[in-house]
Amino acid sequence: METTMRLLPELYTPMKVGPITVANRLMMAGMSAGTKFDNYGPNDEMIAYYVERARGEPGMMAIGATQVVPPGPGEPIRLGLYSDRIVPSMRKLVEAVHQYDTKFGVQLWNGGGTEGGRGGTLISPSGLPSNVRVVMGDPTGRYRGQANRVLDTDEIAQVVGYFADAAVRVADCGFDFVEIHAGHGYLISNFLTPLFNRRTDAYGGSFENRTRFLLEIVAAVRKAVGHRISVGLKYNGDDFLGEQGWTLEESCRLAPLAEAAGADYITVTAGLVGSPKLTIPPLYEPQGCYAFLAEAVKQAVKIPVGTIGRIKDPVMARDLVAQGKADFVCMGRPTIADSEIFAKTKRGDLEDIRPCLAECRGCADEHVVRGRAASCVVNPRMGRELYLTDVEGTAKDNPKKVLVVGGGLAGMEAARRTAFSGHRVTLCESRAQLGGQIQFAKMIPGRTEIGDMLPWYERQLAKYGVDVRLATTVDEAMMKQLAPDVVFVATGSSPEVPQNLMSIVMNAANIEIMMLDDLLEQRLTPGQNVLVIGGDQNGMLAADYLSEGGRTVTVAEAHNHFGEKLAAHDRWYLLNRQNAKNVRRVKNVHNVEVGGNDDVWLVTDAGRELLPSVDTIVFASDRRSNRSIGEVAEKLGVKTIFVGDAKDVTSSEIAGTIFANIAMAYDAARAI
């Protein structure tokens with residue numbers, strides 16, 4: 001196969017970045033170390049994580065969000081560069097990564113008030129919480145109203161010194177560069193943004209004053225490290241807050257000042273915590289959504305300028321460089337979805353790259369929102385690279401006959417992973433196409449990209465020789481004929497009417513009753529006034545689908561939250577979409593009653609509320625696992641493994657999600 005150096009030559013043009021020369025223009029964005037460190041720095045898990053991605057030799061790669069200011073009492077503990085204690089373990093990490101031809105660096109960072117609400121009193125320019133929604137009076141802001149400590153001018157000088165000292169430690173460890181993180185509503189970003197910087201001294205007010213802190217840090221870092229290593233800068237091209245925020249015009253003004261202060265490159269990012277456009281854009285944003293910001297900044301400087309934000313396709317990366325919109329392209333989440341993305345790109349195996357869905361229930365959501373170790377919706381090895389090494393063909397000398405019943409994501413993953421090991425695998429799907437509920441999910445407005453997994457799985461199944469049989473229903477006779485050693489039951493789940501709401505079906509004489517799967521699969525046409533029963537991920541997405549075309553939609557949810565199984569960033573965009581349309585959400589609904597005249601009543605703590613003119617009710621709450629073929633397999637004495645919705649669709653906050661179903665199937669298949 002042609003190498004990417006021929007397919008995408010613009011990406012493989014060397015680039016001078018201060019004192020270093022970078023071999024190519026495709027970079028691994030600074031990614032947080034998550035929980036993969038201890039009091040003495042990187043642990044073996046963290047080293048394995050970075051080494052696996054370094055094998056593909058991106059031009060540059062960085063450890064993200066590394067603390068430079070010693071934490072105060074009660075503050076979250078992060079990987080930190082505020083003590084020499086970290087140097088030995090960092091050197092070990094650098095040596096491991098430098099086996100490969102990539103330049104390795106560290107983001108210098110202080111979160112300012114973004115950690116507010118998690119303990120501790122954190123520093124900020126004006127004492128405000130670093131959440132747009134809180135500061136602007138919206139009570140839905142996640143970090144609710146914790147005031148932060150205002151830095152005085154002496155402390156500002158001290159923080160500048162912390163950045164410089166941290167940069168020296170980075171150089172002493174053998175890294176190639178540092179990147180000063182000044183975006184996303186963190187400490188430096190808050191100094192830049194008028195909404196958060198209300199100071200009246202030399203560090204607030206005018207553009208010159210608001211940029212002073214950042215430029216002092218750049219100059220101090222440059223002076224401290226000289227030309228031992230490169231000095232990069234990452235800042236927002238735009239906060240997307242209008243005049244209250246940092247704007248693209250100001251970004252272009254700042255760029256030459258940063259260059260003069262000593263920056264060797266600039267990475268242009270965007271967004272704040274709680275801004276209309278988020279720092280980690282979900283699948284509702286177009287791919288390459290922030291590239292126009294880098295393009296504008298690039299015109300103002302001679303140093304390289306990079307872009308980041310929903311760029312998962314190396315061809316798009318090539319085009320951005322070739323068209324002069326950026327000098328280099330950073331990828332973050334795509335390197336989580338496929339740790340071999342750089343190696344596959346270099347080889348030209350572009351169709352083999354497992355696509356990032358930007359459906360961040362596993363990575364950004366688990367780590368940023370829930371404070372847990374990051375994983376990945378589509379890559380179950382993410383975070384377990386040290387312990388789980390996948391070696392192709394380990395079972396080829398003693399293969400088992402494996403039957404997978406069901407061709408949704410869980411079934412396809414079970415088939416892919418067992419075939420990868422060398423087992424002889426047959427996958428049977430009762431429908432005429434693979435995909436299961438993903439075929440429905442990609443019909444939801446703004447979520448077509450969910451379907452990107454399907455062609456990838458189809459190619460993988462073909463690559464590893466899986467016998468795929470579509471429009472095939474497995475019964476006892478067929479199972480006897482195939483005589484498998486192992487059966488994976490991946491037959492999914494079906495929607496059902498909750499027992500306490502059966503009266504709706506009985507009493508609704510002229511109201512059309514629909515089940516969610518039938519609505520989507522059969523492309524049924526509902527009426528103009530729709531009640532959706534169920535406000536978790538399925539009901540919320542159904543409501544968005546139904547509200548297209550001007551329908552009035554009400555969502556009735558039994559619990560106190562909507563879309564709890566959705567990734568937080570997805571939910572934020574989805575709520576905004578619904579709010580702009582005729583969608584009303586009602587939580588804590590204890591009962592739904594239908595009267596003799598087809599009057600529909602919602603029963604909540606506040607009493608009974610009449611919903612006038614409901615002509616369609618869609619059930620999108622309860623689901624039951626489809627397990628009958630598993631009982632047949634067990635009766636025949638075949639080793640039977642339930643995966644995906646067929647195993648569990650209700651027991652936890654992630655049951656029934658893409659995240660849970662792929663991971664469950666991967667772990668079970670790997671054990672065969």
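Both backbone and side-chain heavy atoms feed into the values below; hydrogens, waters and symmetry mates do not.
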With sequence neighbours excluded, residues passing salt bridge (charged side-chain N to carboxylate O under 4.0 Å, His left out) with K298: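 Here the qualifying residues are D327.
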
Could you tell me if the side chain of [Y] sits less than 4.5 Å from the side chain of [X], heavy atoms only?
X    : Y    : result
M31  : R53  : no
Y49  : S339 : no
V268 : Y290 : no
I156 : Y203 : yes
F177 : V22  : no
R333 : I280 : yes
P304 : F328 : yes
I266 : I303 : yes

Should the ring pair [X] and [Y] be called parallel, tilted or perpendicular, given that the plane angle runs from 0 to 90° and is split at 30 and 60?
X    : Y    : value
F292 : F240 : tilted
Y573 : Y284 : parallel
Y50  : F104 : tilted

Working to the nearest 0.5 angstrom, can you tell me the gap between [X] [atom1] and [Y] [atom2]?
X    : Y    : atom1 : atom2 : result
M316 : M331 : CE    : CE    : 9.5 Å
C173 : K92  : SG    : NZ    : 14.0 Å
L248 : E295 : CG    : CD    : 10.0 Å
W246 : N190 : CH2   : CG    : 13.0 Å
M60  : N24  : CE    : CG    : 11.0 Å
C356 : R310 : SG    : CZ    : 7.0 Å

What closest approach, in Å, do [X] and [Y] show between heavy atoms, and which atom pair accounts for it?
X    : Y    : answer
P14  : Y12  : CD-O, 3.7 Å
I311 : G288 : CG1-CA, 3.8 Å
R354 : D338 : N-OD2, 2.9 Å
W456 : E351 : CD1-O, 3.8 Å
G80  : I86  : O-CD1, 2.8 Å
T269 : L293 : O-CD1, 3.8 Å

Taking 4.0 angstrom as the limit, do [X] and [Y] come out as a salt bridge?
X    : Y    : value
R91  : D172 : no
K346 : D101 : no
E10  : R25  : no
D319 : K325 : no
K463 : E392 : no
E413 : R670 : no

Is a side-chain N or O of [X] found less than 3.5 angstrom from the main chain of [Y], in a donor-acceptor match?
X    : Y    : value
D264 : V231 : yes
Q299 : V297 : no
R222 : A261 : no
R169 : L81  : yes
N236 : G183 : no
T21  : V17  : no
Q107 : A65  : yes

Chi angles and distances behind the side-chain contact (heavy atoms from CB on, under 4.5 Å) call for V377, M453: CA-CA 11 Å; V377 166; M453 283 300 293; over 6 Å; no

Derivation of the side-chain contact (heavy atoms from CB on, under 4.5 Å) call for T66 and V170: CA-CA 11 Å; T66 306; V170 170; over 6 Å; no

Evaluation steps, salt bridge (charged side-chain N to carboxylate O under 4.0 Å, His left out), between D238 and K277: CA-CA 10 Å; D238 204 310; K277 291 183 180 290; over 6 Å; no

Stepwise side-chain contact (heavy atoms from CB on, under 4.5 Å) test for F196 and S124: CA-CA 8 Å; F196 296 107; S124 66; over 6 Å; no

Member of Q460, R347, R459 meeting the side-chain hydrogen bond (donor to acceptor under 3.5 Å, both in side chains) criterion with D352: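 By the side-chain hydrogen bond (donor to acceptor under 3.5 Å, both in side chains) criterion, D352 pairs with just one of Q460, R347, R459: Q460.
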
CD/E249: more than 12 non-hydrogen atoms of other groups inside 6.0 Å: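 It does not: E249 CD has 12 such atoms or fewer within range.
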
Within 6.0 angstrom of K16 NZ, more than 12 heavy atoms from elsewhere: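 Result for NZ/K16: enclosed.
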
Intermediate values then yes/no, side-chain contact (heavy atoms from CB on, under 4.5 Å), Y235 and T211: CA-CA 11 Å; Y235 68 82; T211 59; over 6 Å; no

